[in-house]
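Written out below as structure tokens is the structure these notes cover.
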Amino acid sequence: TQALGLPDGTKGVLIAAVVGDEPAAKAGIRAEDVVVQINGKPVADQGDAISTIAGIKPGTVVPVTVLRRSEKLDLSVKLGERQPRSMRRE
């Protein structure tokens, strides 16, 4: 976390990469951001993020809080359809 300019003990989901045409990119999320809250719910890990997003209808705009270096940013993300694993760019 220190390499990213974040305090020790910071919990969240580190974004490794963002594809230009996906909802995260359109909302301003960047590689190395750490997602700490989705739709008002704290996100400690990838499982938290997936379960929170899974309960929200595609097309809904949700607030997402990220940490970028030492700055906290509140963004709005319009959720898209989750692609089948075989279609994802991983």
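In this structure, CD in Glu22 is found 11.0 Å from CD1 in Ile29, a value given to the nearest 0.5 Å. Separating the CG atom in Leu73 from the CG atom in Leu67 is a distance of 8.0 Å, to the nearest 0.5 Å. Rounding to the nearest 0.5 Å gives a distance of 15.0 Å between OG of Ser76 and NZ of Lys26. Here Leu79 contributes atom CG and Ile53 contributes atom CD1; the two are 6.0 Å apart, rounded to the nearest 0.5 Å.
Cluster membership for Val66 and Val34, using ILVMFWY side-chain heavy atoms within less than 4.5 angstrom, is not shared.
Using modelled atom types, one side-chain atom of Asp48 and one backbone atom of Ala44 make a donor-acceptor pair closer than 3.5 Å. Using modelled atom types, no side-chain atom of Thr60 and backbone atom of Ile56 make a donor-acceptor pair closer than 3.5 Å.
Considering only heavy atoms from C-beta on, Lys78 stays 4.5 Å or farther from Pro23 through its side chain. At least one side-chain heavy atom of Val35 sits under 4.5 Å from a side-chain heavy atom of Ile15. Side-chain contact between Val43 and Val36 is absent, with no heavy-atom pair separated by less than 4.5 Å.
Contact detail for Gly20 and Ala25: the closest heavy-atom pair is O-CB, 3.7 Å. Taking every heavy atom of both residues into account, Ala31 and Ala17 meet most closely at CB-CA, 4.1 Å. The two residues Thr65 and Lys72 have their closest heavy-atom pair at CG2-CE, 3.5 Å. Scanning both residues, Ala24 and Val77, for their nearest heavy atoms gives N-CG1, 4.5 Å.
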Exercise for review: Could you walk me through whether Arg30 and Arg68 pass side chain to side chain contact (heavy atoms under 4.5 Å, CB included), step by step?
Suggested key: CA-CA 8 Å; Arg30 299 182 191 165; Arg68 183 174 297 154; 3.5 Å; yes

